Amino acid sequence: MVCGVSTTLAPTAPATTPRRPAPGRRTRVLALPEARWALVSLLAFLAALALDLTGTPGWAYGPLYALAYAAGGWEPALEGLRALREKTLDVDLLMIVAALGAAAIGQVLDGALLIVIFATSGALEALATARTADSVRGLLDLAPATATRVGEDGTEEAVPTADLAVGDVLLIRPGERIGADGTVLDGTGEVDQATITGESLPVLKTPGDDVFAGTLNGTGALRVRVGRDPADSVIARIVALVEEASRTKAPTQLFIEKIEQRYAVGVVLATLAVFGVPLAFGASLTDALLRAMTFMIVASPCAVVLATMPPLLSAIANAGRHGVLVKSAVAMERLGEIDATALDKTGTLTEGTPEVTAVRPLPASGLDEDALLALAAAAEVPSEHPLGRAVVAAARARGLTLAPAGDFTATPGRGVTATVAGRTVDVGRAGAGTAADDATTVRVSRDGVPVGTLVLTDRLRPDAAGATAALTALTGTSPTLLTGDNARAAARVAEATGLTEVRADLFPEDKVTAVRGLQEAGRKVLFVGDGVNDAPALAAAHAGVAMGRAGSDLALETADAVVVRDELTAVPAVVRLSRTARRLVLQNLVIADAFITVLVLWDLIGHLPLPLGVAGHEGSTVLVGLNGLRLLRESAWRSATAQEA
């Protein structure tokens with residue numbers, strides 16, 4: 001409701017560290033002046049209210065009310081005066097005038113409540129904007145600040161990544177992040193590029209393959225020729241896409257401001273008329289002023305504000321208790337408006353990590369499943385590769401005893417070799433491990449003789465099929481699967497979850513294009529994702545939900561809501577809760593408008609006593625507030641989840 005707070009991301013400076021931002025880099029709530037002033041206003045109001053209700057003399061609580069007015073109202077008053085200088089009138093100034101008018105006729109509490117509501121709303125909006133800017137700066141931190149450039153004579157020098165040019169050759173050592181988009185000239189390594197493509201497993205890179213800035217080289221050194229200017233890298237384009245998508249929401253905000261402008265002008269003109277017309281016909285100054293102030297009180301949109309916020313805030317609180325953090329009342333409302341859904345695959349429909357799903361010993365090996373798995377896991381214990389960690393985890397989950405391993409070596413793209421119980425054990429991918437595979441097969445050999453294979457896949461979430469069915473029922477159409485993974489892996493997940501529309505091998509901008517295509521067709525799209533590569537689509541969608549357990553910083557900040565416990569069925573549940581909240585908002589608006597209309601007409605046509613006008617105004621406020629608080633009940637969430645079952 002508070003005008004004048006920008007929702008456009010601030011310009012971001014180049015990254016100075018290759019890591020994601022530490023928690024301390026997030027903007028703290030009280031670091032924002034809007035939040036500090038709102039807190040002072042709220043505390044002063046609560047203290048004054050307590051003294052007022054206990055019959056304390058006015059000299060004790062009066063200064064506290066004054067402090068609440070000043071702390072919460074000076075900024076919107078200043079913005080309103082600036083708007084007046086530009087010959088415009090907004091609701092901010094109207095509410096300040098209404099609050100002062102209430103105080104002028106003795107209704108100090110009403111005015112202070114109006115001030116506190118507006119100050120708190122402005123603080124929340126400022127915090128959301130600051131946190132989004134923080135997360136964009138954190139994204140830029142994925143790219144390293146420096147890179148090792150190799151000269152024509154073979155010399156190496158560390159240079160800022162911002163100074164790299166197309167054609168430069170970089171040396172990427174194991175464990176380093178790649179400094180620019182380019183092509184591998186020499187070397188072999190496995191690169192974790194989940195931040196860009198969403199692929200759950202590292203990708204083998206050999207000469208001729210493309211690599212991306214910000215992705216992490218695993219084992220093996222690479223020489224890479226820079227193919228794009230750092231300012232035009234994929235990671236930089238993701239930042240631009242998030243900023244652009246944030247700005248595309250501005251037309252809706254402009255429409256709301258136009259409504260506020262017309263309402264504010266109308267109430268001010270009407271109040272002046274209510275004051276001036278009786279004076280012209282001989283009414284006393286006191287009677288005319290009293291009627292005008294009564295009109296200002298009963299026509300103020302306080303009841304309308306409370307008609308909207310309690311249902312949405314109650315829904316937010318209820319969802320939060322059940323592991324879904326919805327960031328604002330606007331976000332909660334938008335969730336209920338969606339009529340189409342798009343889903344990421346890795347980390348959203350799937351768990352995002354490889355898992356051993358089959359153990360297949362060869363008949364001639366003399367090994368059973370447990371013996372084969374224990375042999376492979378013993379060799380993989382020193383490995384830091386995700387596949388190796390998955391094999392070890394599977395063995396430990398079965399309670400297997402792992403023999404000590406020695407002479408461990410790891411070869412990028414091929415696997416590991418170790419000596420286990422005096423025998424040489426090799427564990428590596430079977431064949432070339434092509435991108436068409438939707439599962440990874442690992443070959444296990446002992447003294448050069450194959451003894452079996454292990455199959456690893458990215459496991460589907462147990463509730464994935466139920467969640468997609470519920471979303472289909474809510475929107476009337478099956479969700480669309482948008483993934484950067486290969487087509488075969490996408491098809492396997494789509495078949496398991498009942499999805500019919502699949503788009504695979506997508507880059508972040510491709511996901512944005514797909515979401516915008518649906519919206520240009522008149523749909524209001526909910527996008528659900530978890531990675532950095534999902535952030536632009538989360539920002540572009542009508543509403544975005546991020547999976548929180550392994551979600552990237554940017555995805556968590558860009559999304560309208562975060563599923564903290566990674567329960568996918570919570571997504572359709574919160575959509576249904578939002579729809580219930582929107583129905584209560586409509587009910588409350590009808591109630592509030594009815595009260596305002598009756599009281600205004602009574603004041604204009606007859607004689608509305610001031611106490612009765614205040615009672616009617618406050619009564620409507622209490623009524624709509626209590627109606628909205630119904631969504632705090634546990635039964636409201638149970639109803640939302642039961643209807644999704």
Side-chain angles (χ1 to χ4, degrees), residues 1-3 5 7 91 117-118 120-129 131-132 245-246 248-260 263 301-322 324-341 471 474-475 515 519 522-528 538-546 558-563 570-593 624-625 627-632 636-637 639-640 643:
M1 293 295 296
V2 176
C3 305
V5 179
T7 57
V91 172
I117 290 173
F118 264 61
T120 303
S121 176
L124 292 175
E125 191 171 351
L127 179 63
T129 301
R131 287 287 174 84
T132 303
S246 298
T248 60
K249 297 179 182 179
T252 302
Q253 184 64 32
L254 291 175
F255 174 76
I256 294 173
E257 290 176 359
K258 289 181 181 178
I259 300 300
E260 290 179 344
Y263 183 85
C302 182
V304 175
V305 171
L306 290 180
T308 304
M309 296 304 291
L312 297 173
L313 294 179
S314 298
I316 290 172
N318 202 336
R321 290 202 306 267
H322 295 88
V324 183
L325 302 183
V326 183
K327 296 184 178 179
S328 68
V330 173
M332 175 59 78
E333 188 172 21
R334 292 171 76 91
L335 285 168
E337 296 172 348
I338 62 105
D339 57 12
T341 310
L471 289 169
L474 277 170
T475 62
V515 168
Q519 296 191 147
R523 312 304 296 270
K524 293 183 178 179
V525 179
L526 168 67
F527 182 81
V528 185
L538 286 167
H542 186 75
V545 175
T558 304
D560 296 300
V562 177
V563 182
V571 176
V574 77
V575 170
R576 188 172 291 279
L577 187 67
S578 170
R579 292 185 176 182
T580 302
R582 293 179 68 240
R583 286 196 296 271
L584 289 183
V585 167
L586 181 59
Q587 292 176 13
N588 284 349
L589 287 174
V590 171
I591 294 171
D593 289 345
V624 298
N627 191 40
L629 293 178
R630 289 163 49 195
L631 287 185
L632 283 174
W637 182 262
S639 176
Q643 294 180 67

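Throughout, residue positions are numbered sequentially from 1 according to the sequence presented. Source: prediction; values computed, not measured.
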For this session: For Arg630 and Leu584, indicate whether the former's side chain and the latter's backbone hold a donor-acceptor pair under 3.5 Å.
Result: no

Exercise. What heavy-atom pair brings Leu577 and Ala640 nearest, and what distance separates the two atoms?
Worked result: N-CB, 4.2 Å

Exercise. Can you tell if the side chain of Met332 reaches within under 4.5 Å of the side chain of Val574, non-hydrogen atoms only?
Worked result: yes

For this session: Could you tell me which non-hydrogen atom of Ala570 sits nearest to which non-hydrogen atom of Trp637, and how far apart they are?
Result: O-CH2, 4.3 Å

Problem set entry | Sub-4.5 Å side-chain heavy-atom contact between Val563 and Val528 | no

Exercise. Could you state the interatomic distance from CD1 (Ile316) to CG (Asn318), rounded to the nearest 0.5 Å?
Worked result: 11.0 Å

For this session: Measure the spacing between CG of Asp560 and CG of Leu526 and express it to the nearest 0.5 Å.
Result: 9.0 Å

Seminar exercise, completed: Shortest non-hydrogen pair, Val515 vs Ala541, comes out as CG1-CA, 3.8 Å

For this session: Apply side chain to side chain contact (heavy atoms under 4.5 Å, CB included) to the pair Leu335 and Val545, showing each step before the final yes or no.
Result: CA-CA 9 Å; Leu335 285 168; Val545 175; 3.9 Å; yes

Exercise. Taking 4.0 angstrom as the limit, do Asp339 and Arg523 come out as a salt bridge?
Worked result: yes

Exercise. Can you name the closest pair of heavy atoms from Leu474 and Pro572 and give their distance?
Worked result: CD1-O, 3.5 Å

For this session: Without swapping roles, check the side chain of Glu337 against the backbone of Ala543 for a donor-acceptor pair under 3.5 Å.
Result: no

Exercise. Which pair of non-hydrogen atoms, one from His542 and one from Arg334, has the smallest distance, and what is that distance?
Worked result: O-NE, 2.8 Å

Exercise. So among Val575, Thr341, Val525, which one has a side chain to side chain contact (heavy atoms under 4.5 Å, CB included) with Thr475?
Worked result: Thr341

